[in-house]
Amino acid sequence: MFGLLDCNNFYVSCERVFQPRYEGRPVVVLSNNDGNLISRSAEAKALGLKMGDPYFQVKDVLHRHDVAVFSSNYVLYGDMSRRVMYHLGQVAPAVEIYSIDEAFLDLAGMETYLGRLDAYAQKVRAGVKSRTGIPTCVGVAPTKTLAKLANRIAKKNADLDGVLYLDSAERRAWALRQVPVGDVWGVGRQYAAKLNAAGIDSAADLARVSDAWARKHLGGVVGARLVQELQGRPCAGLHASEDGTLSRQSISCSRSFGRPLSAFADMLAAVAAFLSRAAEKLRAQGDMAHVLTVYVSKNRFATNVLPPFSRSATLTLPAGPTADTTVLLGYARVLLNRIWEPGVAYHKAGVVLDGLEPPGTGQQLDLFAPATAPLVLPEKPTLVTRRPGLMASLDALNERFGRGTVRVATAVAAPSRPATAGSANRPPWEGKAQWRSPAFTTRLEDLMIVN
DNA sequence: TCTGGGGTCCTAGGACCC
DNA sequence: TCTGGGGTCCTAGGACCC
């Protein structure tokens with residue numbers, strides 16, 4: 001059995017924990033750059049506001065109904081998530097952190113001891129609520145896909161009191177009939193349209209298609225697994241997250257800019273800033289990266305811009321994996337030069353680190369590195385292993401004095417235009433965040449004072 | 001004027017290997 | 001005239017997830 005615990009309207013719930021005056025009122029949280037709606041309270045959903053709605057398109061509705069609007073505060077949400085996951089680690093045999101607000105619980109064999117698992121699921125919910133203030137729902141079922149499905153039904157039906165346990169074939173069949181096929185985990189917009197066209201409308205319909213049909217029309221083996229999981233045959237196990245943290249297979253950092261950039265120097269500074277952040281995450285996870293991708297994007301909504309909207313370049317690092325920001329930056333500059341088109345107004349850029357591995361596992365030595373020429377002092381070492389101390393010091397300083405206290409010079413924006421009021425010293429790639437709440441749990445200055 | 005960010009998994013062709 | 005089989009790695013891109 002798998003459990004799937006999912007936080008309700010997670011970002012909105014995080015804001016409400018520290019500002020309970022927003023309980024019962026419509027609340028939304030915006031994406032970076034205050035671009036789109038990415039979290040809505042039940043009251044906001046009732047107003048017809050949709051996930052992903054651009055803010056500027058629904059601004060009037062928000063004002064008319066006095067909806068509370070927040071910029072996203074990932075420092076706060078990340079810390080609240082950590083607390084939720086920590087508690088789950090205390091009460092479940094194994095936990096897989098699936099996203100910032102969701103976790104799978106390994107409940108294999110627990111029925112032998114506890115009988116039905118409804119009461120246990122309720123206890124987990126109550127524990128998370130009392131320790132973090134975050135409301136949740138739990139689905140319990142024999143496969144991950146069915147646990148997701150059960151969770152979704154529990155969320156939509158208040159009378160279930162936040163828990164749905166699919167313990168019998170009859171209950172599973174009933175649950176499959178409740179859910180439109182487009183809401184099944186793994187069925188996105190494209191597949192939903194295809195399925196509807198083929199007369200497959202509910203999860204129950206999808207559970208009946210043949211293996212061959214699923215392979216042909218739903219992305220090969222992925223589709224076949226999806227159907228099997230709906231039928232109650234597990235195809236995916238639980239990937240336990242060690243000590244409550246998540247270790248990733250790729251790490252990226254990207255941003256939409258506050259205003260379009262068309263100067264190479266600005267773009268290079270932006271890429272350097274994103275790369276610095278990604279490399280920081282890489283080192284925090286204790287890994288090195290073997291593959292680097294840099295990409296730049298144009299405004300895909302502009303009527304005068306034709307696809308492709310994005311260009312990327314990838315490089316397998318010739319001298320092997322590294323976690324050194326400055327080494328990575330040297331390659332990033334080469335990649336950016338490869339995709340850069342002069343005169344284009346860019347709206348976004350990003351970097352991706354792939355091929356992550358812990359240090360010391362089959363690193364390739366550089367044939368041309370100075371170490372092979374003992375009479376020449378290494379002026380410019382190329383492998384991170386030669387100077388782990390520099391990166392460690394960099395990380396320690398930024399940890400202690402705040403992110404970005406010490407940076408590589410390339411990532412510091414040169415003032416390419418006179419500063420306007422309010423924009424003084426803000427790099428041109430930084431977006432808007434007009435309504436950000438305080439970092440209640442991670443900054444001493446932001447701690448609440450209780451009188 | 002204003003449209004997010006960070007992930008996973010899979011496919012496929014080309015270059016290359018034995 | 002006739003030209004194999006079984007792999008890996010690299011790179012780019014698509015579909016999906018929250």
Side-chain angles (χ1 to χ4, degrees), chain A residues 4 6-7 9-11 29-39 50-60 71-72 74 77-78 81 96-104 144-145 148 151-152 182-194 215 217-226 235-236 239 246-260 274 277-278 281 285 290-295 297-303 305 307-318 335 338-339 347-356 364 429 431-434:
Chain A
L4 188 272
D6 190 321
C7 301
N9 318 327
F10 182 55
Y11 298 167
V29 175
L30 304 180
S31 63
N32 261 353
N33 217 4
D34 292 340
N36 304 67
L37 272 53
I38 53 169
S39 184
K50 297 277 178 281
M51 183 71 173
D53 278 349
Y55 170 70
F56 75 94
Q57 282 179 7
V58 295
K59 196 157 41 175
D60 292 343
S71 302
S72 39
Y74 287 104
Y77 311 151
S81 172
E96 174 183 340
I97 300 172
Y98 177 67
S99 73
I100 194 163
D101 71 334
E102 271 178 65
F104 285 103
K144 283 179 158 182
T145 306
K148 290 278 290 185
N151 185 286
R152 183 191 169 281
D183 288 347
V184 171
W185 191 38
V187 178
R189 253 210 320 274
Q190 319 268 343
Y191 288 165
K194 210 168 180 183
R215 272 174 201 270
H217 296 104
L218 299 177
V221 65
V222 183
R225 282 184 203 144
L226 169 53
C235 297
H239 305 289
L246 204 48
S247 203
R248 320 229 64 138
Q249 300 177 47
S250 78
I251 289 171
S252 65
C253 181
S254 67
R255 288 286 178 283
S256 294
F257 305 137
R259 60 174 173 81
F274 304 159
R277 179 69 194 125
K281 292 194 236 174
Q285 163 171 324
H290 199 181
V291 177
L292 171 66
T293 299
V294 174
Y295 64 92
S297 307
K298 305 177 208 173
N299 182 3
R300 66 185 195 281
F301 298 102
T303 47
V305 176
F309 301 117
S310 191
R311 289 191 70 188
S312 75
T314 300
L315 178 72
T316 298
L317 305 186
L335 292 174
R338 218 190 266 174
I339 53 179
H347 278 233
K348 178 180 176 171
V351 304
V352 186
L353 301 174
D354 276 296
L356 308 192
Q364 173 68 51
W429 60 83
K432 287 182 289 188
Q434 269 184 269

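Just so we're clear, the structure is a prediction, and the values are computed from it rather than from any experiment. In what follows, chains carry the letters A, B, and so on, assigned in the order in which the sequence lines appear, proteins first and then strands, with residues in each chain numbered from 1.
In this structure, A:Gln249 places its CD atom 17 Å from P of B:dG6, rounding to the nearest Å. One interatomic measurement links the two molecules: CE of A:Met51 to P of B:dG4, which rounds to 12 Å at whole-angstrom precision. To the nearest angstrom, C1' of B:dT8 lies 11 Å from CG of A:Asp354. Nucleotide B:dT8 holds its C1' atom 11 Å from the CG atom of A:Leu246, rounded to whole Å. One can place NE2 of A:His347 at 13 Å from P of B:dT1, the figure rounded to the nearest angstrom. Spacing between atom CD of A:Glu102 and atom P of B:dG7 amounts to 16 Å, rounded to whole angstrom units. As a whole-Å value, the separation of A:Lys348 NZ from B:dG5 C1' is 6 Å. Rounded to an integer number of Å, the gap from A:Glu96 CD to B:dG7 P is 16 Å.
Contact annotation: A:Ser250 side-chain N/O to B:dG6 OP1/OP2 distance is not under 4.0 Å. Contact annotation: A:Arg259 does not reach the phosphate of B:dT1 (side-chain N/O to OP1 or OP2, under 4.0 Å). At least one side-chain nitrogen or oxygen of A:Arg300 sits closer than 4.0 Å to the OP1 or OP2 atom of B:dG4. Between A:Ser256 and B:dG5 there is a side-chain N or O to OP1 or OP2 distance below 4.0 Å. The phosphate of C:dC18 has OP1 or OP2 within less than 4.0 Å of a side-chain N or O from A:Lys148. Applying the 4.0 Å criterion to OP1 and OP2 of C:dT11, one finds that A:Thr316 has a side-chain N or O inside that range. Under 4.0 angstrom from either OP1 or OP2 of B:dG7 there lies at least one side-chain N or O belonging to A:Ser252. Contact annotation: A:Ser254 reaches the phosphate of B:dG6 (side-chain N/O to OP1 or OP2, under 4.0 Å).
Here the nucleotide nearest the side chain of A:Ile38, chosen from C:dG13, B:dG7, B:dG4, is B:dG4. Nearest nucleotide to the side chain of A:Pro54, out of B:dT3, C:dC17, B:dG6: B:dT3. Nearest nucleotide to the A:Asn36 side chain, out of B:dG7, B:dT3, C:dC18: B:dT3. Of the candidates B:dG7, B:dC10, B:dG5, B:dC10 carries the atom nearest the A:Val221 side chain, counting heavy atoms from C-beta on. Among the nucleotides C:dC18, B:dC10, B:dG4, the one closest to any side-chain atom of A:Asn32 is B:dG4. When distances run from any side-chain atom of A:Phe56 to the nucleotides B:dC9, B:dT3, B:dG4, the shortest one goes to B:dT3. Closest to the side chain of A:Lys59, out of B:dT8, B:dT1, B:dG4, is B:dT1. In the set C:dC17, B:dC9, C:dC16, the nucleotide with an atom closest to the side chain of A:Trp185 is C:dC17. Listed candidates were C:dA12, B:dG6, B:dC10. Nearest to the side chain of A:Thr314 is C:dA12. In this structure, the nucleotide among B:dG6, C:dC16, C:dC18 sitting nearest to the side chain of A:Lys281 is B:dG6.
Among the atoms of the strands shown, none is found under 4.0 Å from any heavy atom of A:Phe10. Heavy atoms of A:Ile100 sit nowhere under 4.0 angstrom from any nucleic acid atom. At the heavy-atom level, A:Arg311 lies nowhere under 4.0 Å from the strands shown. Across all strands, A:Ile251 comes closer than 4.0 Å only to sugar-phosphate atoms, never to a base (heavy-atom distances). Among the atoms of the strands shown, only primed sugar atoms or phosphate atoms (P, OP1, OP2) are found under 4.0 Å from some heavy atom of A:Val184. Nucleic acid contact class of A:Tyr191 (heavy atoms, under 4.0 Å, all strands): sugar-phosphate only. Looking at heavy-atom distances under 4.0 Å, A:Asp101 makes contact with sugar-phosphate atoms alone, never a base. At the heavy-atom level, A:Val352 lies nowhere under 4.0 Å from the strands shown.
A side-chain donor-acceptor contact under 3.5 Å links A:Ser81 to the backbone of A:Ile100. A side-chain donor-acceptor contact under 3.5 Å links A:Lys281 to the backbone of A:Ser252. With A:Asp34 contributing its side chain and A:Gln434 its backbone, the two residues share a donor-acceptor pair below 3.5 Å. Side-chain N or O atoms of A:Ser72 include one that pairs as donor or acceptor with a backbone N or O of A:Leu30 at under 3.5 Å. In this structure a side-chain-to-backbone donor-acceptor pair under 3.5 Å is present from A:Lys194 to A:His217. A:Glu96 contributes a side-chain N or O that, together with a main-chain N or O of A:His239, makes up a donor-acceptor pair within less than 3.5 Å. A distance-only check finds a donor-acceptor pair linking the side chain of A:Asn151 to the backbone of A:Leu4 [under 3.5 Å].
Going from the C1' atom of B:dG4 to that of C:dC17 covers 15 Å, rounded to whole Å.
In terms of position along DNA chain B, the nucleotide closest to A:Cys253 lies nearer the 5' end than the nucleotide closest to the other residue of the pair A:Cys253 and A:Val222.
Pair assignment for B:dC18 gives C:dG5, based on Watson-Crick or G-U wobble hydrogen-bonding distances that are each under 3.5 Å.
At least one side-chain heavy atom of A:Thr316 sits less than 4.5 Å from a side-chain heavy atom of A:His290.
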